[in-house]
Amino acid sequence: MHVALIDMVLWLGGFAATSALLIVLIARHRWRQFPVFTLWMAYEVVTVAALYVLYARGDNLWYGRVYYVGLWPDFTLQLLVAVEIARIVLRPTGTWIQDAKGMFAVAALGGAVVAGLLTWWIAPPVHTGRNIWELRSNLFTSLVICEVFVAMSMTANRLGLAWRNHVMALGQGLMAWAGIMLIANSLESYFGGRYFLDFERFRAGAWIGAVIWIAAQLWAPEPDRQPIAEELQKYILALHRRVEYDLRRLDARN
């Protein structure tokens with residue numbers, strides 16, 4: 001199995017960038033805030049290392065098995081990371097803001113349904129069934145990640161919720177990467193395998209750029225939090241009063 005020099009550079013560059021991001025997450029204790037994202041990065045590092053070892057040994061059979069089987073955990077972790085970021089943004093006090101959970105769930109699930117229908121409708125002109133499902137899964141995750149971030153941003157803006165710096169950096173990086181993936185995967189679904197290597201290099205370069213951006217932002221200390229929005233202050237005060245009222249009723253009954 002021969003790999004061109006540019007592909008080897010992108011391969012090793014992606015591994016180095018992802019490893020550096022994982023080190024930042026652990027060394028700067030960002031894993032506490034982003035446990036699922038940290039798990040995803042660890043999974044990426046282990047998977048790429050395993051694939052490189054199999055490539056160096058020339059074991060094409062197991063390389064293909066590990067590559068295709070490894071797509072499903074990666075697919076799942078991407079979706080869970082989107083949910084993790086949404087929970088951080090929409091639960092600034094550890095509790096879902098009133099109406100935020102419902103608004104986000106409706107928008108995100110609606111987007112997921114649309115993404116599923118569009119992905120199923122697309123019939124990419126590639127040669128094998130495995131490649132079709134790989135491209136469809138990439139299209140689906142790219143669509144869902146973009147739609148989840150759009151839904152989350154709309155919900156947060158409507159409720160006056162502020163994004164924290166590290167969450168915003170992670171969201172921006174993944175959103176940019178998912179957008180580029182969406183463009184590349186859509187073009188590949190149209191052209192088929194004719195420009196596969198070009199699209200693969202495009203995706204690899206986008207991943208390296210996104211990972212470097214996220215790592216640089218997560219390494220820097222997070223600035224002081226901004227004052228809570230007036231609407232959110234009113235909600236917290238009302239919730240506090242409601243809890244006090246319920247406690248007084250319970251004491252009266254006892």
Side-chain angles (χ1 to χ4, degrees), residues 1-23 25-26 35-82 115-116 118-145 174 177-178 180-212 215:
M1 181 169 56
H2 175 70
V3 178
L5 177 60
I6 184 174
D7 297 319
M8 182 61 68
V9 170
L10 289 172
W11 193 359
L12 296 179
F15 176 78
T18 308
S19 299
L21 175 54
L22 182 60
I23 292 173
L25 287 164
I26 296 173
V36 179
F37 180 69
T38 304
L39 178 61
W40 182 29
M41 292 302 98
Y43 178 80
E44 288 292 319
V45 169
V46 171
T47 302
V48 173
L51 289 174
Y52 184 79
V53 170
L54 292 173
Y55 159 76
R57 292 173 53 186
D59 195 336
N60 296 341
L61 177 61
W62 275 101
Y63 182 95
R65 289 175 177 175
V66 171
Y67 177 81
Y68 284 106
V69 172
L71 291 175
W72 294 105
D74 184 72
F75 170 84
T76 304
L77 286 169
Q78 288 183 43
L79 300 182
L80 291 177
V81 166
L118 287 174
T119 303
W120 184 261
W121 175 71
I122 292 174
V126 291
H127 301 295
T128 65
R130 285 191 306 184
N131 289 336
I132 290 175
W133 283 108
E134 179 185 359
L135 184 54
R136 280 177 170 168
S137 65
N138 287 335
L139 277 170
F140 180 76
T141 53
S142 300
L143 281 167
V144 168
I145 288 174
L174 292 181
W177 168 71
I180 293 174
M181 284 281 290
L182 180 59
I183 295 172
N185 292 333
S186 299
L187 290 173
E188 186 179 354
S189 70
Y190 178 78
F191 289 106
R194 196 184 318 170
Y195 304 106
F196 172 77
L197 285 177
D198 295 323
F199 290 126
E200 193 65 22
R201 292 163 181 167
F202 188 49
R203 287 188 287 258
W207 173 256
I208 293 173
V211 167
I212 292 175

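Since the model is a prediction, treat every value here as computed from it, not as a measurement.
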Any side-chain heavy-atom pair from L22 and T18 closer than 4.5 angstrom?
no
To check you understand the geometry: which heavy-atom pair defines the closest contact between A17 and I212, and what is its length?
CB-CG1, 4.2 Å
Rounded to the nearest 0.5 angstrom, the CD1-CG distance for I26 and L21 is 10.0 Å
With rounding to the nearest 0.5 Å, note down the distance linking CZ in R57 to OH in Y63.
14.0 Å
Just verifying a value: how many Å separate W207 CH2 and L10 CG, rounded to the nearest 0.5 Å?
14.0 Å
Quick one: salt bridge (Lys or Arg N to Asp or Glu O under 4.0 Å) pairs with a partner in residues 3-22, sequence neighbours left out?
D7-R201
Between CG on residue L80 and CZ on residue F75, distance to nearest 0.5 Å
10.0 Å
Of all the heavy-atom pairs spanning F199 and A184, show the shortest one and how long it is.
CD2-O, 3.9 Å
Could you pull out the closest heavy-atom pair between W72 and Y68, with the gap in Å?
CD1-O, 3.8 Å
List, one per line, each side-chain donor-acceptor pair under 3.5 Å for residues 36-47, sequence neighbours excluded.
from : atom 1 : to  : atom 2 : distance (Å)
T38  : OG1    : F34 : O      : 2.7
W40  : NE1    : E44 : OE2    : 3.2
W40  : NE1    : D74 : OD1    : 2.8
Y43  : OH     : G70 : O      : 2.8
T47  : OG1    : Y43 : O      : 2.7

So CG of L54 and OH of Y67: to nearest 0.5 Å the spacing works out to 14.0 Å
Just verifying a value: how many Å separate I6 CD1 and M8 CE, rounded to the nearest 0.5 Å?
12.5 Å
Just jot down the side chain to side chain contact (heavy atoms under 4.5 Å, CB included) partners of A206, sequence neighbours excluded, or say none.
W177, I180
